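Every value quoted in this text rests on a predicted model; they were computed, and no experiment measured them.
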Amino acid sequence: MRLVLVLLAALLFAPAPAHAQRGGSRNPKELIKQAEKLYDQKKYLEAAALLEKASESLSDTRIIYNIARAYDQAGKETEAISYYEKYLTDGEDAQLRKRSRSAIDRLRLQKEKEEKGEVERKRLQAEAAEAQRRVETERAAAKRAEEASQLRLNAAREEAQVSRKRMQVTSFALGGVALAGVGMGTVFGLMANGSLSDFKGATALESKLAARNTTRSNALLADIGFGVGLVGAVAAVLLYPKEPVTKPGKARLTSAPRGTGAGVEVSF
């Protein structure tokens with residue numbers, strides 16, 4: 001909607017005030033002409049500024065209405081409402097008063113919608129920020145859980161390595177016992193064979209009895225030695241760890257469905 005042309009036409013044929021003519025660029029007619037050009041170029045704020053200057057020299061209330069129109073088109077609801085209300089107070093044109101009243105109702109409704117929209121936007125922003133904060137908190141907690149889980153995995157591996165070494169040492173010790181038992185059994189077995197030869201070669205009763213007792217003692221000790229060796233060898237084989245200690249699994253952060261947080265997954 002263009003500026004009120006009736007006002008422009010009236011002003012063009014009206015003599016300019018003496019002080020306005022001496023002011024050159026302050027001539028209200030020229031200001032209104034420039035304002036109309038700026039308005040047509042959609043430079044509404046610049047047009048409103050020139051009309052406000054023109055209103056300082058002219059008392060025609062239609063300028064007030066045009067200022068309101070310019071601010072209205074520029075999207076400045078507060079300024080537009082102020083000038084529309086001023087025209088309702090001072091203006092005489094019934095049609096322009098009606099338009100002013102309608103514009104005020106429209107702008108107030110528009111402001112109310114914008115304010116509600118701003119409130120809703122801020123609410124959504126706050127909810128989004130809170131959701132983001134929860135996500136960050138959950139991620140931080142999951143990260144801490146991941147690190148703690150990784151520490152537990154590493155500790156479990158170290159403990160398993162210590163236990164494996166302990167079993168290896170025990171197995172080697174039992175292997176040594178087995179070798180010692182076999183060695184003892186072999187020695188006493190040879191001694192038993194020697195005593196048996198003495199028993200067979202003895203002619204005197206007393207010598208035979210002594211050789212028999214020695215043979216039995218050596219044979220018993222040989223059996224004990226071989227028994228200890230056999231048990232030690234079996235235990236050493238059974239206790240020796242067959243599988244190496246595996247590397248600890250890698251705990252990593254996993255994302256759960258939205259709203260349910262995050263978790264820790266261990267992969268091997």
- Query: Side-chain contact, heavy-atom cut-off 4.5 Å: I32 with L58?
  - Reply: yes
- Point-to-point distance, once rounded to the nearest 0.5 Å, from CD1 of I104 to OG of S82: 9.5 Å
- Message: On a heavy-atom basis, which atom in A192 and which in A219 lie closest, and how many Å separate them?
- Response: CB-N, 3.6 Å
- Do you know which two heavy atoms are closest between L96 and D93, and how far apart they sit? N-OD1, 3.0 Å
- Is the backbone of E146 close enough, under 3.5 Å, to the side chain of S149 for a donor and an acceptor to pair up by distance? no
- Message: Please find the pair of heavy atoms, one from A35 and one from A47, that lie closest to each other, and give the distance.
- Response: O-CB, 3.4 Å
- Item | R212: salt bridge (Lys or Arg N to Asp or Glu O under 4.0 Å) partners, not counting sequence neighbours | none
- Task: For the pair S207 (side chain) and T203 (backbone), establish whether a donor and an acceptor sit closer than 3.5 Å, ignoring hydrogens and angles.
- Result: no
- Side chain to side chain, R69 and Y84, heavy atoms closer than 4.5 Å: yes
- First locate atom CZ of R62, then atom CG of L51, and finally report the distance between them rounded to the nearest 0.5 Å. 13.0 Å
- With sequence neighbours excluded, tell me which residues meet side chain to side chain donor-acceptor pair (under 3.5 Å) with R144. none
- Can you tell me how far the CZ atom of R133 sits from the CD atom of E138, to the nearest 0.5 Å? 9.5 Å
- Are side-chain heavy atoms of K111 and T78 found at a separation under 4.5 Å? yes
- Flag if over 12 foreign heavy atoms under 6.0 Å of CD, E159: no
- Separation of M191 CE from S217 OG (nearest 0.5 Å): 9.5 Å
- State which residues pass side-chain contact (heavy atoms from CB on, under 4.5 Å) with E120; sequence neighbours excluded, sorted by chain then number. R123, L124
- Message: So, using side chain to side chain donor-acceptor pair (under 3.5 Å) as the criterion, who are the partners of Y87 when residues are at least two apart?
- Response: none
- R101 side-chain N/O to L88 backbone N/O, donor-acceptor pair under 3.5 Å: no
- Task: Report the distance from atom CG of N27 to atom OG of S57, rounding to the nearest 0.5 Å.
- Result: 8.5 Å
- Which pairs count as ring pair (Phe, Tyr, Trp, His ring centres under 6.0 Å) when at least one residue sits in residues 146-192, sequence neighbours excluded? F172-Y240
- Task: Let me see the working for L50 and L38 under side-chain contact (heavy atoms from CB on, under 4.5 Å), right down to the final yes or no.
- Result: CA-CA 9 Å; L50 291 181; L38 291 171; 3.5 Å; yes
- T215 (side chain) donor-acceptor with L196 (main chain) under 3.5 angstrom: yes
- Heavy-atom closest pair, residues S55 and I63: CB-CG2, 3.9 Å
- Within a strict 4.5 Å, meaning less than it, do heavy atoms of the K86 and Y65 side chains meet? no
- Item | Residues, nucleotides or ligands: over 12 heavy atoms within 6.0 Å of E92 CD | no
- Message: Tell me whether K33 is salt-bridged to E36, with the criterion being a basic N under 4.0 Å from an acidic carboxylate O.
- Response: no
- Item | Sequence-distant partners of E85, salt bridge (Lys or Arg N to Asp or Glu O under 4.0 Å), two or more places apart | R108
- Determine, using the 4.5 Å side-chain heavy-atom cutoff (strictly less than), whether V187 and M184 are members of one ILVMFWY cluster. yes
- Who else is in the cluster with F226 when I, L, V, M, F, W and Y are joined by side-chain contacts under 4.5 Å? V182
- Query: Sequence neighbours excluded, which residues qualify as side-chain contact (heavy atoms from CB on, under 4.5 Å) partners of A178?
  - Reply: A233
- Between K165, Q161, M167, which is the residue that forms a side chain to side chain contact (heavy atoms under 4.5 Å, CB included) with S163? M167
- Note on the structure: Between S195 and T214, the two heavy atoms sitting closest are OG-CG2, 3.0 Å
- Note on the structure: Closest non-hydrogen contact found for A74 with L45 is CB-CD2, 3.7 Å
- Message: Evaluate Y44 against Y39 for ring-ring contact (aromatic ring centres under 6.0 Å, His included), listing each step before the verdict.
- Response: CA-CA 5 Å; Y44 302 115; Y39 189 94; 5.2 Å; yes
- Item | Residue list, side-chain contact (heavy atoms from CB on, under 4.5 Å) with S102, at least two apart or on another chain | none
- Query: Quick one: do V177 and L239 end up in the same hydrophobic cluster if we chain Ile, Leu, Val, Met, Phe, Trp and Tyr together by side-chain heavy atoms under 4.5 Å apart?
  - Reply: no
- To the nearest 0.5 Å, atom OG1 of T61 lies from atom CG of N66 at 10.0 Å
- Sidechain-backbone polar pair: D72 side chain, A68 backbone, donor-acceptor under 3.5 Å: no
- Note on the structure: Hits for salt bridge (Lys or Arg N to Asp or Glu O under 4.0 Å) against R166, two or more places apart or cross-chain, chain-then-number order -> none
- Note on the structure: Sorted by chain and residue number, the side chain to side chain donor-acceptor pair (under 3.5 Å) partners of E136 (sequence neighbours excluded) come out as Q132
- Return the set of residues passing side chain to side chain donor-acceptor pair (under 3.5 Å) with K116 (not counting sequence neighbours), or none when no residue passes. E112
- Query: Mind checking whether E77 and Y71 have side chains closer than 4.5 Å, heavy atoms only?
  - Reply: no
